[in-house]
Number of protein chains: 2
Amino acid sequence: MRWDTLEDEQCSLARTVAVIGDRWSLLVLRECFLRVRRFEEFQSRLSITRHLLADRLKKFVKFGVLRKVKYQDRPARYEYILTQRGLDLYPIVMSIVHWGDTHMVDERGRPLLHQHKNCGNFFDPVMICSECGEPLSAKQVHTHPGPGAPQSPAASEA
Amino acid sequence: MRWDTLEDEQCSLARTVAVIGDRWSLLVLRECFLRVRRFEEFQSRLSITRHLLADRLKKFVKFGVLRKVKYQDRPARYEYILTQRGLDLYPIVMSIVHWGDTHMVDERGRPLLHQHKNCGNFFDPVMICSECGEPLSAKQVHTHPGPGAPQSPAASEA
DNA sequence: ATTGACAGTTCTTTTTTAGAACGATATCGT
DNA sequence: ACGATATCGTTCTAAAAAAGAACTGTCAAT
């Protein structure tokens, strides 16, 4: 599949996948949320090839997930900082981490614990319905074509 | 990056990414949540090559995300059904869709609307803290090494 | 003058994917 | 009986992407 075919699809999942849907993008993103900002630091922490790292960073900037901020002149050096759009990816990252914590840990347990500054507790992320506040599960959701739907696909459950 | 190096990493994100972290895996998963179950139906809806589809389905079965259920004998035919472990991927899929709905829609609006059977309303998914119930954002979370942490990485914010 | 940090780019080899065709098995229509 | 169709893959070759290592350019520090 070529990179650029996905973002034109009439599906929000496909369009997001065009931005973050590959191994390295998600790992780079993880580092961003761990406050990593510079080329060399990404590279040494991830052992990603420099070519791919340059590529992913460029893509994130293009899609407005990261922005380049100059931190010195002569030579001009930039840091890659999460934009609001990038910060909004946090639920994706957290839900991925949480699934791994639940289903892929070995006998030693979780590699990372998360503490909520608000309440001070260690927590898990929970996804709820914005309207009634109940936890969401796939079986309790109906989907309907929206205004941006292709032609008129039948409504289905998911 | 080779497929099999990721799942051994000491990071829940990396291990989950080993399972779902590529374009086709996520698109196949989307179809699963839309009740698609058979090889031919995946293939014709996604225009994925048959080779890759066979590959991804096999991987999902290996990781316990899908299970093969025989729906006829002679010839033996199987459907691919989400397991509980697969259903647990729903928050990941929903958060990906929601980011796309928020940041990648065109002027026509969302392609799909989601209705919660519980309350009957159209909703957005919201990620909250399991302990205090407040919505989560990256800046309000501290991370600490857990029991399964590699050596002893410094605690950091994210 | 030499070394090192930083942010990439260029090059060749290896791996993965695309795209099309083929196989196996069984049912259906005539 | 016979060919067409359905289903679930596998095999093949060409094209695309990634790996891995080396290289470039700029400047600072010693």
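Just so we're on the same page: letters track the sequence lines, and every chain starts at 1. Owing to the predicted nature of the structure, the values given are computational and were not obtained by experimental measurement.
- Applying the 4.0 Å criterion to OP1 and OP2 of dG9(D), one finds that Lys68(B) has a side-chain N or O inside that range.
- A salt bridge links Arg50(B) with Glu40(B): the distance from a Lys NZ or Arg NE/NH1/NH2 to an Asp or Glu carboxylate oxygen falls below 4.0 Å.
- Protein atom CG of Leu52(A) is 17 Å distant from nucleotide atom P of dC11(C), rounded to whole Å.
- Side chain of Thr16(A) to backbone of Ile96(B): a donor-acceptor contact under 3.5 angstrom is found.
- Put simply, the residue from Leu34(B), Val28(B), Leu27(B) that forms a side-chain contact (heavy atoms from CB on, under 4.5 Å) with Arg45(B) is Leu34(B).
- Between the CZ atom of Phe42(A) and the C1' atom of dG8(C) there is a distance of 15 Å, rounded to whole Å.
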At a cut-off of 3.5 Å, list every protein nitrogen or oxygen paired with a nitrogen or oxygen from nucleotides 2-6 of chain C, distance to 0.1 Å.
unit_1 : atom_1 : unit_2   : atom_2 : d
dC6(C) : O3'    : Arg77(A) : NE     : 3.4
dC6(C) : O2     : Arg77(A) : NH2    : 2.4

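- Leu87(B) places a side-chain heavy atom less than 4.5 Å from the side chain of Lys139(A).
- At a threshold of 4.0 angstrom between heavy atoms, the contacts of Tyr80(A) are confined to the sugar-phosphate backbone, with no base atom among them.
- OP1 or OP2 of dA18(D) sits under 4.0 Å from a side-chain N or O of Arg56(A).
- Between the Thr143(A) side chain and the His114(B) main chain, no donor and acceptor come within less than 3.5 Å of each other.
- What separates NZ of Lys70(A) from P of dT26(D) is a distance of 15 Å, to the nearest Å.
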Please output the side-chain donor-acceptor pairs of residues 100-107 of chain A that fall under 3.5 Å, not counting sequence neighbours, one pair per line with the distance.
unit_1    : atom_1 : unit_2    : atom_2 : d
Asp101(A) : OD1    : Ser12(B)  : OG     : 2.5
Thr102(A) : OG1    : His98(A)  : O      : 2.8
His103(A) : NE2    : Asp88(B)  : OD2    : 2.8
Asp106(A) : OD1    : Arg108(A) : N      : 2.9

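- Separating the CG atom of Asp73(B) from the P atom of dA24(C) is a distance of 21 Å, rounded to the nearest angstrom.
- Whole-Å rounding puts the Lys58(B) NZ to dG9(D) P distance at 8 Å.
- Aromatic ring orientation, Phe33(B) versus Tyr90(B): tilted (interplanar angle from 30° to 60°).
- Atom CD1 of Ile48(B) and atom P of dC8(D) are 15 Å apart (whole Å).
- We find that CZ of Arg23(A) is positioned 16 Å from P of dA17(D), with the value rounded to whole Å.
- Rounded to a whole Å, the CG atom of Leu53(B) is 14 Å from the P atom of dT7(D).
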